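Notes for the one structure printed next.
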Amino acid sequence: MTALATERKPRLFTVEVNTTYCKGCEICVQVCPKNVLAMNDRLKANVVNLKDCTGCLNCEIYCPDFAINVEEVEANA
Amino acid sequence: MTALATERKPRLFTVEVNTTYCKGCEICVQVCPKNVLAMNDRLKANVVNLKDCTGCLNCEIYCPDFAINVEEVEANA
Amino acid sequence: MPNQSRVLMQGNEAILEGALAAGMRFYAGYPITPSTEIAELAAERLPKVGGRFIQMEDEIASMAAVVGGSLAGVKSMTATSGPGFSLKQENLGYAIHGDIPCVVINVQRMGPSTGLPTSPAQGDMQQARFGSHGDYGIIALTPSSVSEAYYLTIRAFNLSEQFRVPVILLTDEVIGHMREAVSLPDPSELTVAERRKPTAPKGEHKPFAPDAKGVPTLPNFGDGYRFHVTGLIHAEDGFATSNPKLVDQAVRRLTNKITDNIDEIYEAEQREIADADIVVFSYGGTARAARRAVRMAREKGLKVGFYRPITIWPFHDEMVRNAIAGKKAVIIPELNLGQMAREVERVAHGTTTVIPVTKVTGEILTPAEILAAIEEVR
Amino acid sequence: MPNQSRVLMQGNEAILEGALAAGMRFYAGYPITPSTEIAELAAERLPKVGGRFIQMEDEIASMAAVVGGSLAGVKSMTATSGPGFSLKQENLGYAIHGDIPCVVINVQRMGPSTGLPTSPAQGDMQQARFGSHGDYGIIALTPSSVSEAYYLTIRAFNLSEQFRVPVILLTDEVIGHMREAVSLPDPSELTVAERRKPTAPKGEHKPFAPDAKGVPTLPNFGDGYRFHVTGLIHAEDGFATSNPKLVDQAVRRLTNKITDNIDEIYEAEQREIADADIVVFSYGGTARAARRAVRMAREKGLKVGFYRPITIWPFHDEMVRNAIAGKKAVIIPELNLGQMAREVERVAHGTTTVIPVTKVTGEILTPAEILAAIEEVR
Amino acid sequence: MAIAGKIPTRKYLRQDRLPHIWCPGCGHGIVMQALVRAIHNVGLSQDKTVIVSGIGCSSRASGYMDFDTIHTTHGRALAFATGIKMANPELNVIVMTGDGDASAIGGNHLIHAARRNIGITCICLNNNIYGMTSGQFSPTTPECALATTAPYGVIDPSFDLCKLVQAAGASYVARGTAMQARMLEKYITNALKNDGFSFIEAIDQCPTYFGRKNKLGDAYAMMKRQQETSVSVSKAAAMTPAELEGKQVVGELWNSPRPEYAKSYDQVIAKAQQGGGR
Amino acid sequence: MAIAGKIPTRKYLRQDRLPHIWCPGCGHGIVMQALVRAIHNVGLSQDKTVIVSGIGCSSRASGYMDFDTIHTTHGRALAFATGIKMANPELNVIVMTGDGDASAIGGNHLIHAARRNIGITCICLNNNIYGMTSGQFSPTTPECALATTAPYGVIDPSFDLCKLVQAAGASYVARGTAMQARMLEKYITNALKNDGFSFIEAIDQCPTYFGRKNKLGDAYAMMKRQQETSVSVSKAAAMTPAELEGKQVVGELWNSPRPEYAKSYDQVIAKAQQGGGR
Amino acid sequence: MTQIMLTGSGGQGMILAGIILAKAGILDGLNVTQTQSYGPEARGGASRAEVILDTDEIDFPKVVAADVILAMTQEAADKFSPKLRAGGTLIVDPAGVHTVPAVDGKVHVVEITKLAKEVTGRTVSANIVALGAMNQACSLVSPAALAAAVADSVPKGTEAVNQKALAAGIAAIGA
Amino acid sequence: MTQIMLTGSGGQGMILAGIILAKAGILDGLNVTQTQSYGPEARGGASRAEVILDTDEIDFPKVVAADVILAMTQEAADKFSPKLRAGGTLIVDPAGVHTVPAVDGKVHVVEITKLAKEVTGRTVSANIVALGAMNQACSLVSPAALAAAVADSVPKGTEAVNQKALAAGIAAIGA
Ligand SMILES: Cc1ncc(C[n+]2csc(CCOP(=O)(O)OP(=O)(O)O)c2C)c(N)n1
Ligand SMILES: Cc1ncc(C[n+]2csc(CCOP(=O)(O)OP(=O)(O)O)c2C)c(N)n1
Ligand code: SF4
Ligand code: SF4
Ligand code: SF4
Ligand code: SF4
Ligand code: SF4
Ligand code: SF4
Ligand SMILES: [Mg+2]
Ligand SMILES: [Mg+2]
């Protein structure tokens with residue numbers, strides 16, 4: 001983070017699902033505390049609610065298929 | 001024992017060493033509390049002091065070669 | 001289903017059913033592809049008939065437990081594949097040396113090492129004969145159909161009991177996982193051999209004294225004979241000896257009881273050999289493609305015969321030599337690098353050209369490939 | 001002692017000294033008669049030269065540790081006898097399949113099973129070739145003297161590194177426990193082969209891509225190549241494949257790298273073959289008696305030649321055939337039931353009579369017994 | 001931008017080997033990631049670390065990790081690893097194994113590696129089943145559970161692997177579950193720091209065989225259940241055996257450093273070179 | 001005339017096989033006699049009892065005992081015994097094994113037999129050495145001791161076999177020494193009565209290799225020493241680990257009956273025959 | 001001799017479908033073989049069952065030139081359609097096969113999965129629907145034998161629903 | 001070629017004696033082989049070492065017809081004396097051999113064990129005494145080589161006492 005702020009700024013994240021790796025187990029959906037993810041009809045995980053993402057990394061850590069990558073978006077980008 | 005006696009009679013035993021089995025380890029000599037046994041010059045255990053034998057069976061139980069047999073002599077035999 | 005006599009069965013299933021029909025009541029094993037269905041079915045079926053199944057900690061223990069089960073008087077077996085078969089070799093040698101009947105199934109997969117676990121192969125053919133240290137004889141049978149898998153398993157138990165020797169059912173993934181119709185016989189129609197028990201009084205029984213065939217009698221542990229079994233070379237009384245004459249007798253008997261009785265043990269399918277110029281010599285799953293190739297060749301007017309050893313160990317030198325001597329060529333298709341071809345070459349004594357057709361791609365040989373080899377001869 | 005160059009050594013000792021001279025610095029083993037002295041000497045000598053010895057929990061683990069040691073970049077070996085050799089077969093197959101250099105000593109004792117642990121035998125000759133499942137090639141060397149045990153152990157390491165293959169030193173109790181004078185060379189006189197390292201940059205190195213001889217290069221674990229080794233059939237990149245073409249290549253290469261280079265690998269001693277009517281074909285400890293018998297026969301005016309394979313696997317079909325073809329007979333004395341005789345029979349193609357002289361009494365063959373067989377020919 | 005504390009796991013993977021062969025929901029991927037994160041935490045060099053595995057679904061892990069890797073024979077990973085460590089003690093040696101691989105066929109190597117306290121970190125991916133061969137019971141399958149070779153329910157008492165390995169002599173022993181992946185990462189991190197034999201039992205899920213056969217729901221349900229039946233070391237200390245029935249104790253169960261085997265051998269070398277012995 | 005309490009041991013021996021091959025002073029004969037006495041105490045039928053052994057000096061015992069006997073392969077006695085017991089649970093199955101046989105090559109079968117709690121009594125004749133092969137160290141050789149394969153002293157930590165077997169699941173575990181032959185007899189007697197896996201570690205002496213190499217004096221001196229370094233369970237309970245260093249705890253260490261494996265299988269049979277399963 | 005391939009991905013029940021067809025063949029008094037191919041791994045990936053029906057003894061148990069191929073997935077269709085003999089029949093499920101490969105023979109596009117879902121509520125019966133369609137299209141075995149084989153092979157309690165699936169498949173091809 | 005057998009029971013040092021003789025042979029520039037036989041067990045029982053000395057290459061390493069046999073025990077004497085060639089030499093220690101077997105050759109009865117005890121105070125040097133006697137009686141190797149080989153082979157610190165034992169053996173035969 002380049003900008004230091006005393007006031008809590010809303011942090012922004014990207015959650016990327018590699019659909020070649022994703023096998024549709026739904027674990028990410030279930031471990032996401034913010035319901036950011038859902039399964040699509042091709043049985044792949046899909047980001048449906050990005051704005052609520054807190055960057056907790058649960059989805060990435062628990063995805064058995066290394067299919068998820070969470071990154072933070074620079075506040076001033 | 002056929003004879004019941006209120007008075008302690010001296011019990012008599014035979015201690016037989018099978019010299020074909022005996023390998024001369026001296027354990028029997030060392031476990032006998034009454035020095036009944038000794039090694040002879042052919043390195044076999046030998047009964048040298050039978051009268052002191054108490055029939056404790058140590059020699060028989062500790063002989064690794066099943067070479068010793070202790071029996072009681074019938075008091076009235 | 002109405003047509004009860006013909007049932008669709010997988011090869012591995014047929015093996016287990018054959019074993020049950022032969023009286024097998026103890027199974028000890030460790031899972032390995034592509035033999036695992038045999039263990040799974042044993043686990044399900046054995047307790048229903050009062051038998052017992054145990055999954056051991058590994059293949060070494062499985063082989064040991066099978067020997068123990070057999071000595072306890074129960075017909076016993078195990079099943080495995082390549083890596084497990086390698087691990088069993090020491091205790092298999094023990095069973096051989098102790099004249100202990102039992103059946104070992106090897107559903108061959110592709111090696112060496114972990115290889116291609118789900119692919120068919122016939123690469124353990126020589127290992128089945130020479131996998132354990134020292135000299136011995138062994139029996140190995142090889143089915144070419146699901147139905148034959150059923151019947152050969154029964155035969156394996158019978159030979160095992162008759163000759164007091166472990167019998168290897170050396171099958172392959174093709175047969176093990178294929179499904180075909182099997183006509184299940186009425187149990188009463190089956191010949192089931194039982195262990196020959198001693199007749200001598202208990203004190204006089206010599207547990208390793210051979211009969212006319214070279215085979216000793218065998219009481220069960222618990223029958224009161226109080227006999228001794230050891231992996232050391234032993235005299236007829238079962239106890240270790242280093243007396244050269246007795247050692248010689250003991251070691252040779254293990255091989256002789258097999259070779260001297262080879263005509264009773266050996267089985268082969270022969271088709272149209274008499275007038276043939278060329279013989280296709282094939283076994284196990286591959287023999288199916290070979291038989292088809294032979295038919296195709298005959299349809300083309302080529303004089304081709306078919307020889308299929310069903311008993312692959314002992315190898316019947318004389319019968320094979322008779323079948324191939326003077327032919328233009330003998331073609332040996334197999335899913336390995338020529339292991340059977342070595343044996344045929346050995347007995348051919350230069351009387352015919354030995355042509356191995358080998359395949360180690362993980363796939364099976366096709367009739368077309370074998371036909372091509374036939375057509376290439378001249 | 002003044003005469004430093006000639007030292008009295010036991011065969012097992014010569015093996016260990018040879019190994020040290022060849023650069024062996026890691027030994028993993030499990031004791032077994034009659035090989036144990038090798039382990040004992042390794043335990044004593046290795047730390048003195050900065051090497052490492054470990055007594056593993058069993059032979060399976062020993063073989064595994066040797067493979068691990070070799071991949072870590074250290075020349076590694078183990079020694080065993082019959083039962084242990086059987087147990088090593090699975091992991092030996094792994095080493096073969098992974099092109100992993102290492103040396104396995106088998107000081108043969110009498111089998112099968114526990115057999116006669118202190119008696120000499122040559123009963124593992126076929127097992128050395130076919131003991132593990134699946135198809136593969138292997139190198140096995142057999143010394144006939146203590147001195148040769150020393151030099152062949154060095155050669156075993158050299159061949160192992162050059163061809164990336166486990167090499168078996170298949171010796172026997174006679175050689176293992178015999179003492180003879182060995183002339184120890186100056187280390188500078190020895191040819192010691194080192195592992196060929198990759199030259200390709202790290203990202204591009206294909207760990208199983210063969211050179212002209214069929215042998216890949218091998219970096220050490222820790223060198224930064226980050227490569228993968230597996231018992232699954234693998235492509236040149238080291239990763240599992242089931243692509244039929246790649247599978248075929250991978251499996252055949254394991255055999256071809258041996259057979260294609262047989263002239264480099266093979267060694268045999270031949271004496272007075274040219275004018276001979278009869279050839280005595282013998283190896284290992286037994287060859288000592290055989291050579292004596294041949295001398296005795298020559299003294300009697302009999303035209304007898306002597307062929308001693310030093311490399312017993314691969315078997316050099318052509319060279320053997322050339323040596324024996326047209327002779328009245330080839331006599332094969334061995335301490336087993338004719339295991340080498342099978343090979344000779346196979347390549348003889350009927351061009352000569354193959355006469356096995358077998359002995360399984362627990363004793364060695366004597367010159368007189370072999371001479372008797374020579375004299376019996378006609 | 002990287003999130004603070006986020007670990008670049010991809011760097012440690014052979015990405016061209018992915019996707020891996022594991023089934024949807026298989027826990028092995030989660031444990032593998034925890035290991036990768038721990039390796040990063042400890043800062044092991046990718047060039048000086050060897051991953052050794054046996055045979056099984058779990059043991060396929062080695063092929064996906066960008067280190068020197070060796071996928072050995074069934075049950076023997078620790079024996080191969082012992083050779084690697086002894087021959088070159090400078091290497092970091094990590095073993096990935098399954099419950100079958102480690103405790104059925106490989107049980108002997110497990111207890112001996114523990115006894116020697118050789119410098120190896122052994123992670124046992126315990127899914128209570130033989131996954132690779134399609135669902136036979138393993139020595140850790142709970143009693144009464146169903147498996148293809150236990151159609152009437154398992155009667156074999158199951159191993160407490162941590163207890164066994166501790167009794168055999170390991171110097172670091174911990175247990176975690178896939179659902180507690182962050183704790184698992186911590187245990188593995190500590191294990192890697194221990195100079196000796198470290199054992200981590202990572203309880204994870206095989207939805208395909210163990211889950212399906214025993215009607216345990218999907219992968220997440222299995223993970224939840226494992227978490228729910230877990231009791232921490234501290235809580236467990238206050239519980240009776242009866243209360244602990246059917247539960248597993250998770251946490252660092254044993255941490256008692258003692259001389260590492262390959263280092264002890266350095267002393268043998270020193271002694272020998274000073275002319276000692278015999 | 002028989003002395004009161006004297007046991008007719010000869011009846012249980014194959015006297016025509018004696019004298020046995022053991023060296024003068026070898027402790028194996030003492031332990032074998034203790035076993036014979038225990039068999040008599042329990043009243044096992046000679047016709048229904050099977051003695052199973054592996055390979056080693058200790059394992060030669062089976063050949064001298066007048067029962068059905070089987071001298072198997074090195075390390076595998078328990079696996080053969082498991083087959084015997086499973087195939088015919090009516091038989092009494094006793095395993096005689098050495099420290100090398102049981103805990104080196106045979107370690108896996110030991111822990112699995114213990115885990116299953118199969119009805120076998122296993123007596124491990126622990127002389128801390130491989131006697132048969134002339135004196136290499138075993139997994140129970142004490143650290144620093146000399147052996148032919150440890151010319152600079154053993155660096156391998158040694159197994160506490162009783163602890164290991166208990167952790168693996170045995171239901172009866174005891175340790176005694178040859179010098180305490182009467183206690184040993186008592187433990188074996190109790191072990192034989194336990195319906196499950198019983199393990200007795202019988203510490204005895206190999207004067208020929210272990211004694212000579214380590215200058216421990218004659219057989220009796222070794223026995224005395226073993227007795228002197230023994231501490232009873234009750235005494236040990238009050239001692240610190242430091243105080244227990246170099247000592248072995250003798251006595252009945254664990255006695256906790258649970259279902260015997262072959263009997264549990266009877267329930268599988270019952271279930272299967274009632275049409276259960278799958 | 002009739003050579004049949006049933007192809008799709010693991011979990012689609014192709015092997016069970018092959019077994020049912022083989023059983024039906026037996027009921028009709030035919031000789032049968034049924035085989036399957038595994039990939040290098042036991043899990044995931046393509047799945048293929050082969051069935052051969054013959055009045056004669058069957059030597060070679062694998063399909064050399066298929067009379068009928070069922071393809072449930074694109075991968076399977078692409079990989080196996082070259083095995084179809086000239087004039088053979090290819091049956092594809094559009095749910096999995098988006099591009100029908102060009103073959104020298106008949107092609108039936110049947111909404112197998114969709115029908116299964118419609119008729120039984122679950123897609124797992126797709127393999128039974130497929131069997132009905134295949135048999136109706138190619139007359140491999142007698143309809144009675146097929147119905148009996150289905151009944152014999154499906155889990156207890158699902159017989160009725162599976163007969164419905166079978167009928168749906170038959171109807172999809174029509175008379 | 002000289003063929004020598006040294007026989008006794010385990011623990012009498014026959015194998016070490018054979019090794020010493022073989023080493024002496026090497027010092028003399030001869031070819032040598034030394035072998036031993038084990039019983040079926042590693043422990044106890046008879047013990048036999050064989051040594052062959054030759055100026056030529058030695059093919060067969062075992063004794064076929066012994067030129068010299070040393071027998072320390074009755075069992076050994078009875079078992080091996082038939083191996084003595086006509087005209088060979090049998091050396092026995094009366095401490096172990098009470099009845100000297102009849103042989104077609106020379107016999108030396110030497111109080112080997114007694115001499116060892118007298119000269120060195122311990123019977124373990126009997127094998128060295130025996131070597132001295134054998135060599136003096138049969139001139140197998142040069143006395144200097146034998147002395148050097150003994151010195152090279154015995155435990156450090158026992159050199160002197162063993163040279164005494166050797167001398168005693170030599171003296172027992174006389175010049
Ligand atoms: C010697 C040998 N025996 C058996 C097998 C078959 N096999 C492969 S993996 C496996 C079990 C694996 O179970 P586990 O270690 O728990 O791993 P998982 O697949 O459950 O992750 C077995 C029995 C083999 N490959 N080699
Ligand atoms: C597979 C195998 N490996 C090794 C041996 C050699 N061996 C025989 S007994 C033995 C050790 C025996 O030690 P232990 O069990 O302690 O018995 P002891 O002789 O001390 O009574 C060994 C290593 C063998 N016979 N088989
Ligand atoms: S956890 Fe991973 S594999 Fe599972 S659904 Fe989510 S992204 Fe896909
Ligand atoms: S990082 Fe956390 S909040 Fe964001 S999608 Fe992943 S699990 Fe949900
Ligand atoms: S204990 Fe036995 S063997 Fe030892 S000396 Fe006494 S009688 Fe002889
Ligand atoms: S019975 Fe007791 S007192 Fe008698 S001789 Fe034996 S040990 Fe001595
Ligand atoms: S079978 Fe089980 S352990 Fe194997 S990959 Fe699938 S879910 Fe994982
Ligand atoms: S070597 Fe040791 S264990 Fe073996 S018999 Fe002799 S004293 Fe007993
Ligand atoms: Mg598992
Ligand atoms: Mg011991």
Side-chain angles (χ1 to χ4, degrees), chain C residues 25-28 43-76 78 90-95 97-98 100 102 202 207 219-232 234 237-240, chain F residues 14 16-17 21 45-53 55 60 62-93 108-109 111-113 115-116 118 261-262 265-273 275-278:
Chain C
R25 289 297 178 272
F26 180 60
Y27 183 102
E44 189 196 343
R45 299 274 282 115
L46 270 172
K48 293 204 198 247
V49 296
R52 284 161 179 264
F53 166 90
I54 188 168
Q55 183 173 300
M56 295 298 287
E57 51 273 24
D58 64 16
E59 287 90 349
I60 294 175
S62 304
M63 189 67 226
V66 161
V67 171
S70 180
L71 283 169
V74 180
K75 287 185 184 174
S76 303
T78 187
E90 191 203 4
N91 284 337
L92 181 59
Y94 184 88
H97 185 250
I100 297 159
C102 56
K202 287 181 182 173
N220 299 345
F221 275 1
D223 277 355
Y225 283 85
R226 299 189 206 157
F227 65 109
H228 185 58
V229 181
T230 175
L232 288 165
H234 45 270
D237 61 7
F239 293 97
Chain F
R14 289 176 175 143
D16 55 335
R17 308 305 313 167
I21 63 153
S45 151
Q46 263 170 286
D47 284 350
K48 295 291 175 195
T49 300
V50 182
I51 314 276
V52 187
S53 65
I55 296 287
R60 297 299 289 259
S62 58
Y64 303 116
M65 301 182 69
D66 196 11
F67 300 85
D68 286 317
T69 56
I70 171 168
H71 176 232
T72 68
T73 49
H74 190 36
R76 317 303 175 186
L78 280 165
F80 283 82
T82 297
I84 293 167
K85 186 70 185 178
M86 271 302 273
N88 182 358
E90 301 299 308
L91 295 173
N92 310 304
V93 182
N108 207 26
H109 313 304
I111 59 177
H112 282 275
R115 173 175 66 90
R116 292 190 190 101
I118 188 155
Y261 189 78
Y265 199 86
D266 290 342
Q267 288 163 30
V268 171
I269 294 178
K271 220 187 232 182
Q273 294 184 348
R278 271 262 154 133

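Note that the coordinates shown come from a computational prediction; the quantities given were computed from them, not determined experimentally. By convention in this document, chain letters (A, B, ...) are assigned in the order of the sequence lines, proteins followed by strands, and residues within each chain are numbered from 1.
Ranked by heavy-atom pairs shorter than 4.5 Å toward chain C, the options Asn108(F), Thr72(F), Thr82(F), Ile55(F) are led by Thr72(F). Comparing Ala61(C), Ala72(C), Gly73(C), Gly222(C) by heavy-atom pairs within less than 4.5 Å of chain F, the highest count is held by Gly222(C). Between chain F and the options Ser76(C), Gly51(C), Gly98(C), heavy-atom pairs under 4.5 Å are most frequent for Gly51(C). The choice from Lys48(F), Arg17(F), Lys85(F) that makes the most heavy-atom pairs within less than 4.5 Å of chain C is Arg17(F). Interface summary for chain C: among Ala77(F), Gly75(F), Ala87(F), the most heavy-atom pairs under 4.5 angstrom belong to Ala87(F). Comparing His74(F), Arg76(F), Glu90(F) by how many heavy-atom pairs each has under 4.5 Å with chain C, the most go to Arg76(F). Taking chain F as the reference chain and counting heavy-atom pairs below 4.5 Å, the highest number among Leu46(C), Asp223(C), Ile60(C) is found for Ile60(C). Note: Gly224(C) leads Gly238(C), Gly224(C), Gly231(C), Gly93(C) in heavy-atom pairs under 4.5 Å with chain F.
The distance from the CZ atom of Phe227(C) to the CG atom of Asp66(F) is 13.0 Å, given to the nearest 0.5 Å. Separation of atoms CD1 (Ile84(F)) and CG (Asn220(C)) is listed at 11.5 Å; rounding is to 0.5 Å. Taking CZ of Phe80(F) as the start and CE of Met63(C) as the end, the distance is 8.0 Å to the nearest 0.5 Å. Asn88(F) CG to Arg52(C) CZ: the interatomic distance, rounded to the nearest 0.5 Å, is 9.0 Å. Rounding to the nearest 0.5 Å places CG of Asp47(F) at 5.5 Å from NZ of Lys202(C).
The two residues Asp68(F) and Phe221(C) have their closest heavy-atom pair at OD2-CA, 3.3 Å. The nearest pair of heavy atoms linking Arg116(F) to Met56(C) is NH2-CA, 3.5 Å. Looking at every heavy atom in both residues, Lys48(C) comes nearest to Gln273(F) through O-NE2, 3.2 Å. Across all their heavy atoms, Phe53(C) and Met86(F) have their closest contact at O-CE, 3.7 Å.
The part of Leu91(F) that comes within reach of chain C is its side chain, from C-beta onward, which places non-hydrogen atoms under 4.5 angstrom from that chain. Interface residue Gln46(F): backbone and side-chain heavy atoms are both found under 4.5 Å from chain C. Of the atoms belonging to Asp58(C), it is side-chain heavy atoms, and not backbone ones, that fall under 4.5 Å from chain F. In this structure, chain C has heavy atoms under 4.5 Å from both the backbone and the side chain of Val268(F). Looking at Val74(C), only its side chain comes within 4.5 Å of chain F, counting heavy atoms on both sides. In this structure, no portion of Ala270(F) lies under 4.5 Å from any heavy atom of chain C. For a residue to count as touching a neighbouring chain, one of its non-hydrogen atoms must lie under 4.5 Å from one of that chain's; by this rule Ser53(F) does not touch chain C. Proximity to chain C is absent for every atom of Asn92(F), based on heavy atoms less than 4.5 angstrom apart.
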ask   = Can you list the steps and then say if Ile54(C) with Tyr265(F) is a side-chain contact (heavy atoms from CB on, under 4.5 Å)?
value = CA-CA 9 Å; Ile54(C) 188 168; Tyr265(F) 199 86; over 6 Å; no

task = Given side-chain contact (heavy atoms from CB on, under 4.5 Å), test Phe239(C) with Arg14(F) step by step and report yes or no.
result = CA-CA 11 Å; Phe239(C) 293 97; Arg14(F) 289 176 175 143; 3.5 Å; yes

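When side chains are defined from C-beta on, Arg60(F) counts as touching Leu232(C), because their heavy atoms get closer than 4.5 Å. Counting heavy atoms from C-beta outward, Ile70(F) and Tyr94(C) have side chains that approach closer than 4.5 Å.
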